[in-house]
J.: 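Before we start, here is the structure in question, set down as structure tokens.
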Amino acid sequence: MTTQSRFESVGWIFFAVAWILSLFPVGYMIFQATLDSTPIATRCGATFFLAGFVAAILSWLANSILGMIADRRVDQNPKPEPLEEQPVPSEETPVPVKKKKKKKKKK
């Protein structure tokens with residue numbers, strides 16, 4: 001990864017960190033919202049799934065914001081427009097031909 005494009009998007013590392021950080025609050029909410037008779041495996045599975053969903057949304061938001069920032073940078077430094085090229089005559093485009101003048105005959 002080059003330093004120029006280092007912060008243009010977030011990747012799997014950001015997703016993994018966001019997933020791990022969201023495990024605790026999501027797990028707390030799951031354990032509070034479910035009944036005590038709900039199996040622990042169901043609670044943990046729901047926690048892992050919803051934490052992944054939260055991490056995906058956070059990654060999407062971070063990528064969107066970084067994309068808008070990168071687009072602004074591109075808009076501030078526009079590239080010069082290329083010069084117009086003259087069309088090259090082809091078989092389909094007619095080439096202007098000079099008409100020959102007819103000589104008048106003397107009487």
Side-chain angles (χ1 to χ4, degrees):
M1 185 179 275
T2 62
T3 57
Q4 185 179 20
S5 66
R6 182 178 174 116
F7 296 110
E8 289 183 4
S9 67
V10 296
W12 288 106
I13 295 173
F14 181 85
F15 175 82
V17 170
W19 182 72
I20 290 170
L21 291 177
S22 65
L23 278 175
F24 301 108
V26 170
Y28 179 77
M29 289 181 354
I30 292 290
F31 274 79
Q32 292 297 318
T34 56
L35 298 173
D36 290 336
S37 61
T38 307
I40 296 293
T42 304
R43 290 177 172 184
C44 291
T47 299
F48 292 151
F49 177 77
L50 288 177
F53 190 73
V54 169
I57 291 174
L58 290 175
S59 295
W60 172 72
L61 285 173
N63 276 329
S64 297
I65 291 170
L66 290 175
M68 285 189 281
I69 291 171
D71 288 344
R72 254 191 234 146
R73 269 192 232 135
V74 170
D75 290 342
Q76 289 176 354
N77 300 326
K79 293 182 180 178
E81 293 182 18
L83 298 174
E84 291 183 25
E85 295 181 14
Q86 297 296 325
V88 177
S90 66
E91 295 176 5
E92 296 175 359
T93 54
V95 179
V97 179
K98 292 183 180 179
K99 292 183 179 178
K100 294 182 181 180
K101 293 183 181 179
K102 293 183 179 178
K103 293 183 180 179
K104 291 183 182 179
K105 292 183 180 179
K106 290 185 183 178
K107 288 186 179 182

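This one's a predicted model, so the numbers in the text were calculated from it and none came from an experiment. Residue indices begin at 1 and follow the sequence shown.
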J.: Which residues pass the side chain to side chain donor-acceptor pair (under 3.5 Å) test with Thr34, sequence neighbours left out?
T.: Arg43

J.: Distance from Ile13 atom CD1 to Ser59 atom OG, nearest 0.5 Å?
T.: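 Taking CD1 in Ile13 and OG in Ser59, the distance rounds to 11.5 Å.
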
J.: Quick one: CG on Leu58 to CZ on Phe15, what's the gap to the nearest 0.5 Å?
T.: 10.0 Å

J.: Would a single hydrophobic cluster contain both Leu21 and Val54, if residues Ile, Leu, Val, Met, Phe, Trp and Tyr are joined by side-chain heavy-atom contacts under 4.5 Å?
T.: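 They do not share one cluster, since no chain of ILVMFWY contacts under 4.5 Å joins Val54 to Leu21.
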
J.: Could you give the distance from OG1 (Thr42) to CG (Leu35), rounded to the nearest 0.5 Å?
T.: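 If we round to the nearest 0.5 Å, Thr42:OG1 and Leu35:CG are 11.5 Å apart.
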
J.: For the pair Phe49 and Phe53, name the ring-plane relationship: parallel under 30°, tilted 30 to 60°, perpendicular over 60°.
T.: parallel

J.: How long is the straight-line distance from OG1 of Thr38 back to CZ of Phe31, given to the nearest 0.5 Å?
T.: 9.5 Å

J.: So, the side chain of Trp19 versus the backbone of Phe48: is there a donor-acceptor pair under 3.5 Å, distance only?
T.: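 Such a contact is found between Trp19 side chain and Phe48 backbone.
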
J.: Identify the two heavy atoms, one from Val26 and one from Ala51, that lie closest to each other, and give their separation to 0.1 Å.
T.: CG1-N, 4.0 Å

J.: Give me the atom names and distance for the closest heavy-atom approach of Ala46 to Ile30.
T.: CB-CD1, 4.2 Å

J.: Distance check, rounded to the nearest 0.5 Å: Leu66 atom CG versus Asp71 atom CG?
T.: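 So the gap between those two atoms works out to 11.0 Å.
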
